[in-house]
K.L.:
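Mind looking over this structure? Questions follow.
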Amino acid sequence: MRNVLKSPEELISCMSEYTDKLDPDLIKRAYVFALNKHGTQIRESGDPYFSHPLEVAEILINLKMDQETVIAGILHDTIEDTNTTLEEITEIFGKKISDIVNGVTKLSRFELSSIGGAQTENFKKLLISAASDIRVLVIKLADRLHNMRTLKYKKKKSKRQFIAKETLEIYAPLAERVGIVAIKDELQDIAFMELYPEIYKSIKPRLKKLYESSEETVIAISQKLSELAESIGIHCTITGRLKSPYSIWQKMNIRNISFEQLSDIMAFRIIVDTIPQCYQILGVIHRNYLVVPGRFRDYISTPKNNSYQSLHTSVIGPFNKRIEIQIRTKEMHLVAEYGIAAHWDYKSGNSSNKAKTKTDAMWLSNLVNILENTSGMDEFLANSKSEIVSDKVFCITPKGTIVSLPKGATVLDFAYSIHSDVGNHAVGAKINGVPVSLKSVIENGDQVEISTDQKSCPKQAWEGFVTTTKAKSALKKELNSLERERIEMIGKSNFDEFFSRHNIDVSESDMQNLATACKLDQINNLFYAIGSAEITMRELLDVYNKLKKTNIEISSDDEQIRKKNEKKTLPIIGVPNVPIMPVTCCTPVPGDRIMGILFQDRGVEIHIEECPIFSDQQSSSDARILSLTWDSDAFDSDAKYLARLSILVLHAAGNLAQVSEMIEKRGASILNLNIGEQSDNLVQIQIELEVKDISQLTMIMADLRSSEFVKKVTRI
Ligand code: MN
């Protein structure tokens with residue numbers, strides 16, 4: 001338990017050692033702001049909560065991160081854990097810092113969701129792609145490091161183990177990937193200690209003994225190596241270190257050797273000024289000591305994916321000790337220690353470090369490159385080589401499941417990815433608690449919530465804003481089955497109306513017999529055939545007469561009834577008692593999805609839902625949108641509705657006649673026919689025709705489309 005917190009002045013003084021881009025006032029404000037916000041909150045360790053962001057900031061300072069990162073580190077838990085809003089942070093600390101804090105907060109939201117198993121891979125990718133600014137990731141690693149340092153204070157063992165496992169599986173590889181070796185080592189060691197306390201306990205004291213007995217040897221070997229370098233006129237810095245318990249345990253595991261056999265626990269690093277000197281030093285070492293075969297690596301000519309450069313070799317060195325040696329330049333060393341952070345443009349006054357003047361954008365693209373290139377020794381992303389990180393977005397359900405979708409996916413795609421039922425009955429959505437439309441595009445880190453209504457159905461227009469194959473096919477399937485239901489409904493209503501007009505009472509078994517006689521096994525199929533005009537009522541009456549041995553004739557009143565119906569109001573539910581105003585933009589026929597626009601004091605316009613005029617009017621202020629449906633009970637099978645088609649036909653004798661024939665064969669009549677523009681061998685025809693409903697029109701259009709000389713058919 002810590003009692004003394006570092007003061008803002010101390011932070012500033014540490015930072016001034018590596019950067020002059022400092023605004024001490026802003027750092028102090030962040031310090032006081034977070035201190036006040038976290039107030040009396042206490043961590044499980046008993047420390048004041050504020051000690052956590054402060055230590056995170058210190059870790060960031062040790063990594064020599066820039067001021068924006070350090071401040072964001074101080075503020076990183078304010079949104080998640082206090083009443084602070086993002087707007088507040090933007091106002092006081094500016095957009096850049098608030099963006100970083102927002103990024104860290106988003107990642108925390110994902111972290112809270114319980115993950116594991118199949119979710120691990122997704123989570124790793126999510127961390128990377130959600131961290132649009134690499135500094136978000138660095139803060140997250142520092143955050144995790146401090147949480148690991150204080151892991152022992154967590155009371156629940158299962159929780160501790162979960163966090164340790166997650167650290168080993170996700171954060172340590174991530175730290176290695178980004179190249180921050182010190183964080184990787186420490187994360188692994190603490191997790192190791194938590195997960196394998198017995199092994200750790202058995203290795204640690206022996207290691208300690210070995211460390212102690214090796215200490216003098218390390219110094220002596222360093223001395224010998226230094227003399228060797230001087231002998232060829234090179235001055236260098238040599239550091240000797242003992243390997244971490246986790247890496248030693250891994251080695252024992254991988255090579256299946258006992259602790260006693262473990263000889264190379266000493267590693268030396270030789271840092272020189274130039275690349276030629278690296279190879280000169282390597283040469284003199286190899287000439288003087290026995291080389292361990294198979295251990296030499298030249299990462300200078302072939303850098304690792306995370307930009308790491310160095311020469312590696314193992315020799316039986318001074319005092320016959322087996323040692324590992326790394327040889328590199330100062331620049332290479334910076335990259336090795338701080339990873340991508342070394343490229344960050346915050347160290348000024350050192351003109352030799354050109355690599356450090358890279359821009360933010362390059363830095364990020366560098367990371368993406370590293371992550372996409374999965375060859376090499378890194379295990380990270382190894383299981384998902386074909387997946388390119390930047391092609392995906394990751395979002396989360398209210399229950400905490402991570403959902404991965406292709407970039408550009410909409411809220412509706414998300415709904416279908418949960419379940420086709422959720423998609424089909426979606427009526428609204430919220431992203432991060434804010435209501436949005438179903439066509440909104442999802443961004444990384446969004447929390448998405450869908451509201452459904454079992455009575456709601458998908459709309460044709462949805463086809464325009466689903467992108468995933470899964471959503472597309474589920475939507476198509478549902479639309480087809482709805483279409484079928486609608487046609488059946490039209491057929492049933494035609495059937496009922498026709499027979500009741502002829503005073504015939506058709507029983508359920510009669511219906512079944514009619515269906516069978518028409519070679520349709522179910523009544524529904526019979527209704528479908530009627531609705532789609534495959535069977536006319538006249539034909540059906542003939543079948544009925546044969547079946548019942550009756551001789552009923554088509555009512556002679558039919559013509560009059562048709563005329564009467566023309567004057568009747570449209571069979572539509574939801575139209576108020578106001579005049580219906582004619583429209584020229586579209587021609588709704590029964591079965592079309594329709595909407596009404598009610599203009600005060602003037603009347604109502606009825607449009608097809610997809611009509612472009614209609615969507616223009618939607619925004620107009622004096623208009624009220626009405627949801628309308630066709631009234632199947634009021635259908636008259638002989639009522640006719642106007643429809644317009646535009647047809648592009650090959651210009652040849654007889655083609656026009658065939659078009660009219662096809663239309664009339666389906667029982668529709670042509671009212672008007674205009675021959676429009678002709679170009680090359682094509683001619684544009686506009687036809688006004690009378691149909692009884694959408695299914696008849698659809699059949700006509702399908703017939704036309706299937707003929708060889710028709711190039712295009714559209715409704716207008
Ligand atoms: Mn935190």
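Quick caveat: nothing in here was measured; it's all calculated off a predicted structure. Numbering of residues begins at 1 and proceeds along the displayed sequence. Indexing begins at 1, ligand by ligand and atom by atom, following the structure's order.
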K.L.:
Within Glu80, is some N, O or S atom less than 2.8 Å away from the Mn ion (ligand 1)?
P.N.:
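So Glu80 does not bind the Mn ion (ligand 1) by this criterion.
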K.L.:
What atom name does the N, O or S atom of Asp77 nearest to the Mn ion (ligand 1) carry?
P.N.:
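Output for this pair reads OD2.
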K.L.:
Can any side-chain N or O of Tyr246 pair as donor or acceptor with the backbone N or O of Leu187 at less than 3.5 Å?
P.N.:
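Not confirmed, Tyr246 side chain does not pair with Leu187 backbone.
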K.L.:
If you consider just the N/O/S atoms, which atom of His52 is the closest one to the Mn ion (ligand 1)?
P.N.:
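Going by distance to the Mn ion (ligand 1), the closest N, O or S atom in His52 is NE2.
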K.L.:
Can you tell me if Glu9 has over 12 outside heavy atoms packed within less than 6.0 Å of its CD?
P.N.:
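Yes.
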K.L.:
Step through it carefully: locate the ring centre of His76, locate the ring centre of His52, and say whether they are under 6.0 Å apart.
P.N.:
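Yes, they do, as the ring centres are separated by less than 6.0 Å.
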K.L.:
Could you tell me whether Arg135 and Asp66 make a salt bridge, using a distance below 4.0 angstrom between a side-chain N and a carboxylate O?
P.N.:
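Yes, charged N to carboxylate O under 4.0 Å.
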K.L.:
Which single N/O/S atom of Asp143 lies at minimum distance from the Mn ion (ligand 1)?
P.N.:
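For Asp143, the N/O/S atom sitting closest to the Mn ion (ligand 1) is OD1.
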